[in-house]
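Accompanying notes for the structure given below.
The structure presented is a predicted model; accordingly, all values stated were derived computationally and were not measured. Heavy-atom basis, side chains included; hydrogens, waters and symmetry copies ignored. All ligand and atom numbering here is 1-based and tracks the order in the structure.
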Amino acid sequence: MTSNPIPVHTWFPRLWAEIAPIGRDPGTGGYLRYGFTEPVRELERWFRGVAEADGAHTVVPDGNGNLIAWYGPPPEQGDAVLLGSHFDSVPHGGGYDGPLGIVSALLAVRALRAEGREFRRPVGVVAFAEEEGSRFGVPCLGSRLLTGALDPDRAAALTDRDGVTLAEAMGGRPAGARPELLDGIGAFVELHVEQGRALVDLGAPVGVASGIWPHGRWRLDFTGEANHAGTTRMADRRDPMLTYAFTVLAANKEARLRGAHATIGRVEVEPNATNAIPARVRGWLDARAADAGTLEALVEGVRAKAADRATRDGTTLTVTRESLSPLVEFDGGLVKAFREVLAEGVPVLPTAAGHDAGILAEHVPTAMLFVRNPTGVSHSPAEAAGDDDCAEGVRRLADLLAHLAAG
Ligand SMILES: [Zn+2]
């Protein structure tokens, strides 16, 4: 299909321009698309309209905030091919992380239909809910609910920063695991903007993912003693900000020593006053590594360094694991087939970013495609992808869909 006359290169920028303004902050140029908020609802209405215009016979919510457009034979036939990604963003994130996978999936279906190809397997395009966890704190919320990895009652009680529960945001308790739906899916493919510069360095517009590094989130509570910034002698202080600051540096060093990734990107300070030594500092450690042993050693290394420093500062430290996602290896058969179909030396890359594909992979043969990101930056307005590369991603995805599902 790479040389076919289907005008994907004109379809892509046109469709992309339709969603570009939705949820964009005019100040930062970043996106504020959080799960179950109006910008995502608007994107979902747009999704429904495009899918129906392109021949979807049903566009159906799964009861967990995820929306699936179905084409070809009814999904009850089983062995469906599912494509898609998520609409939501991190605060002031880029526009490509998530929506590129949904728009590319819609256009891959459109491309095959324009060629007059019939689907012999049911084909679904999914928009997953709250993948980033930006509103309710649980990443891949929709796919975790769908697969049963997250208990629906626990999820219903999750609150956002304004105290709104997920049940209130969704208008009811989530449905939870849908085994009959999952059992009917024979393959899931998520196309995603690359969150790094590997494809830039390789000079390749598109790559295939081999797997996802194990990763997790840990909450670090540093407790000291609030006191007056002017009258408390330096020697008498129990300042948790010092322990926190040391820990940020230690996390960076421990990660570098292991070829891993560690980030403390969120912090809360009490009382958060200019003229007060803080009583408490709370930071969140995001840690990722190539294997589970390295990840465990990294987190333990950070914890030990921080605990040692806390002793010297007269503060206390507690470490609470909030989430842990194990190593994901994508389906070997799909990855091999994709390399054959895509040919031309398409590179195979691991990723350190979590995705709905990582959640689905425990239940369904799953693979991912990456599209080159010239800045290598993601979760920021600087995230980018060229129209030509995006169109190439659509063509490659259409090639794979043709291989899997078209007669
Ligand atoms: Zn994403």
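- Ring centers of Phe330 and Phe338: at least 6.0 Å apart, outside the cut-off.
- Using cut-offs of 30° and 60° on the angle between ring planes, the pair Trp16 and Tyr96 is parallel.
- Under the 30°/60° scheme for interplanar angles, the aromatic rings of Trp213 and His261 are found to be tilted.
- Relative orientation of the Tyr71 and Phe119 rings is perpendicular, given thresholds of 30° and 60° on the angle between their planes.
- Residues Asp183 and His363 have side chains that never bring a donor and an acceptor to within less than 3.5 angstrom of each other.
- For a distance threshold of 2.8 Å, the protein N, O or S atoms nearer than that to the Zn ion (ligand 1), listed by chain and number, are His86 NE2, Asp97 OD1, His192 NE2.
- Electrostatic pairing of Glu130 and Arg135 does not count as a salt bridge here, judged by no charged N lying under 4.0 Å from a carboxylate O.
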